There are 2 protein chains.
Amino acid sequence: MRMGEGVEWAAHACVLLSALPDGTGLPAAAIAAYHDVPPAYLAKHMQALARAGIVTSARGAAGGYRLARPPQEISLMQIADAVDGSEPAFRCTEIRQRGPCGAKPEECTKTCGIAAAFWAAERAYRRQLEGVSLAAIVASLTGRPDPGKFARVKAWLEQNANG
Amino acid sequence: MRMGEGVEWAAHACVLLSALPDGTGLPAAAIAAYHDVPPAYLAKHMQALARAGIVTSARGAAGGYRLARPPQEISLMQIADAVDGSEPAFRCTEIRQRGPCGAKPEECTKTCGIAAAFWAAERAYRRQLEGVSLAAIVASLTGRPDPGKFARVKAWLEQNANG
DNA sequence: TATATGCCGGATGAAAAATATCCGCAATGA
DNA sequence: TCATTGCGGATATTTTTCATCCGGCATATA
C-alpha cells in the first residue's frame, strides 16, 4: 500500500504558500522550482488543491496560487484527499458471495467483518491526520532556531511572487 | 492509496482455515475454488502467509495449508503485512533538502514534520488492526444464527481437506 | 520404489495505475 | 495587443499490480 508522492509535494507546497506575503500569488512554476520537482506534474496537483478549495488560483499575468484559508483551518487529511482521492484503501469485493458456499445477497445485510475492520482502521488514520493542521506543521519547522534560512526563504518568495 | 486485493483474499482464506478440522490441511487450489479466485495467484499469497509464519504448509499428497497458531493469536495487521508488505504508505523523499533554499543534510537531524505526521497516522492505523484478531472476525460472522450455512461449509471442508 | 499430489520459487507476460509532458484555450494585467 | 498564467484534455512513459506457467522438490500411498 503506497501513497502517491504528489501528496508530499502538495503538502510542502502548502507550507511554502503559508509563508507567502499577503496579497501576492505564487505561480506553479515557481513552486516547482523551489522544490525541484517536475513543473508540469506539480501543476496538476496544484489544480487538484484548487478544485478542493484548499488554494485559490489567479490566472493571467501577476497570477498564481495562494492559500484559500488560514493554515490553522487546513489539515493534512484535506490535502491528501485532494491529491490522492478519498476512496478507502481497502476495497471489499464481496468474496463472501462467491464460490460454492457463497452467501446470497439478502444474507449480506451487514458489511463483511473483514472490510469493517479495515475501514475502522482507516477511520483511525483519518482522524489522526484531520488533527494535524498546516499551522502545526509550520510551527514544527520554525520551532528550531534558524533565522538565516528563514530570511533566505522570505527573500526568495519576494523575488518570485506576483501581485 | 489502495491496498492490494490479495489482502482481502488472504484474510478470507484464514477465516476459512480457522474452520478446518484438526490435523487436516487444505490445498491452495481448494481455497481458491471456495472463494472463486485465480488459483495460481492465490497460491502466491498463501506462500507469503507461510513465509510470515501465519500458516504452515505441508507438501505432497495429503498436504495443504493450515493455521500456524490459534485464531486469537493472528491479527489482521499480521495478514496485511505478510501479503502487502509492511513498508509505510508515505515515503519521504526529503524534498526539504532540494531546490534553491534546500536544507543541508546536517540540518535535518529530525524527521520532516510532514512525514512524521503521516507516519503517526499510519501507527494509529496499525494499532487498530493489531487489535483485531482472526477469532474476533470469525465471531462476528457466526454471531448471527445461520446453522444451515455453517453445516454446508463444514461439509465442503470435510470433502476437500486432506489428512 | 513408483506415482500422484501439492508446495516453492523464479521467469514471464498482461493489465492497470502512477508519473510526466505537451498543447490549445481562457483569463488577466501591463 | 501581448506576455503571462491557470485549466483541462490528450498522450506517452515508467512502474506496479495482477496473473499464469513451469521445473523442482517433498511427501503420502500403493
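Naming convention: chains lettered A, B, ... in sequence-line order (proteins, then strands); numbering from 1 in each chain. Because the structure is a prediction, the values reported are computed rather than measured. Because only heavy atoms are used, hydrogens play no part in the values below, and waters and symmetry mates are left out as well, while side chains stay in.
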Heavy atoms only: give me the nearest B:Pro27-B:Asn162 pair and the separation to one decimal.
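Minimum heavy-atom separation between B:Pro27 and B:Asn162: CG-ND2, 3.4 Å.
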Could you go through A:His12 and B:Cys112, starting from their C-alpha distance and side-chain angles, then the distance that decides it, and tell me whether this counts as side chain to side chain contact (heavy atoms under 4.5 Å, CB included)?
CA-CA 10 Å; A:His12 280 273; B:Cys112 170; 3.7 Å; yes
In B/S/- notation (B base, S sugar-phosphate only, - none; protein heavy atoms under 4.0 Å), nucleotides 10-21 of chain D written 5' to 3' is B-----S-BBBB
Scan A:Asn160, A:Leu26, A:Val153 and name whichever one has a side chain to side chain contact (heavy atoms under 4.5 Å, CB included) with A:Tyr34.
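The option that passes is A:Val153.
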A side-chain contact here means heavy atoms from C-beta on lying under 4.5 Å apart; do [X] and [Y] qualify?
X: A:Cys108; Y: A:Arg96; value: yes
X: B:Cys14; Y: B:Ile54; value: yes
X: A:Met1; Y: B:Tyr125; value: yes

Under 3.5 Å: donor-acceptor pair, side chain of B:Gln128, backbone of A:Ala120:
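Between the backbone of A:Ala120 and the side chain of B:Gln128 there is no qualifying donor-acceptor contact (under 3.5 Å).
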Geometric class of the B:Phe90/B:Trp119 ring pair [parallel <30°, tilted 30-60°, perpendicular >60°]:
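Because their plane-to-plane angle is over 60°, the rings of B:Trp119 and B:Phe90 count as perpendicular.
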Rounding to an integer number of Å, can you tell me how far [X] [atom1] sits from [N] [atom2]?
X: B:Arg51; N: C:dG10; atom1: CZ; atom2: C1'; value: 12 Å
X: B:Gln47; N: C:dC8; atom1: CD; atom2: C1'; value: 5 Å
X: B:Leu42; N: C:dC8; atom1: CG; atom2: P; value: 12 Å
X: B:Leu49; N: C:dG9; atom1: CG; atom2: C1'; value: 16 Å

Please work out if B:Ala28 contacts a base, only the sugar-phosphate, or nothing of the nucleic acid, heavy-atom cut-off 4.0 Å.
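Sugar-phosphate only.
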Should the pair B:Arg66-B:Asp22 be classified as a salt bridge under the 4.0 Å nitrogen-to-oxygen rule?
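Result for this pair is no, no salt bridge flagged.
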C:dG6 phosphate, OP1 or OP2: any side-chain N/O from B:Asn162 under 4.0 angstrom?
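Checking B:Asn162 against C:dG6: at least one side-chain N or O falls below 4.0 Å of OP1 or OP2.
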To the nearest 10°, give me the bend of the helix from C:dT1-D:dA30 to C:dA30-D:dT1, comparing the axes of its five terminal pairs at either end.
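End-to-end axis angle for the helix from C:dT1-D:dA30 to C:dA30-D:dT1: 10°, rounded to 10°.
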Stepwise, does the side chain to side chain contact (heavy atoms under 4.5 Å, CB included) test hold for B:Ile74 with B:Ser133?
CA-CA 5 Å; B:Ile74 297 175; B:Ser133 71; over 6 Å; no
Interface with DNA chain C, restricted to residues 55-69 of chain A and to heavy atoms under 4.0 Å:
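Residues of residues 55-69 of chain A under 4.0 Å from DNA chain C: A:Arg59, A:Gly60, A:Ala61.
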Step-by-step side chain to side chain contact (heavy atoms under 4.5 Å, CB included) determination, B:His35 to B:Leu16
CA-CA 10 Å; B:His35 294 111; B:Leu16 180 60; 4.0 Å; yes
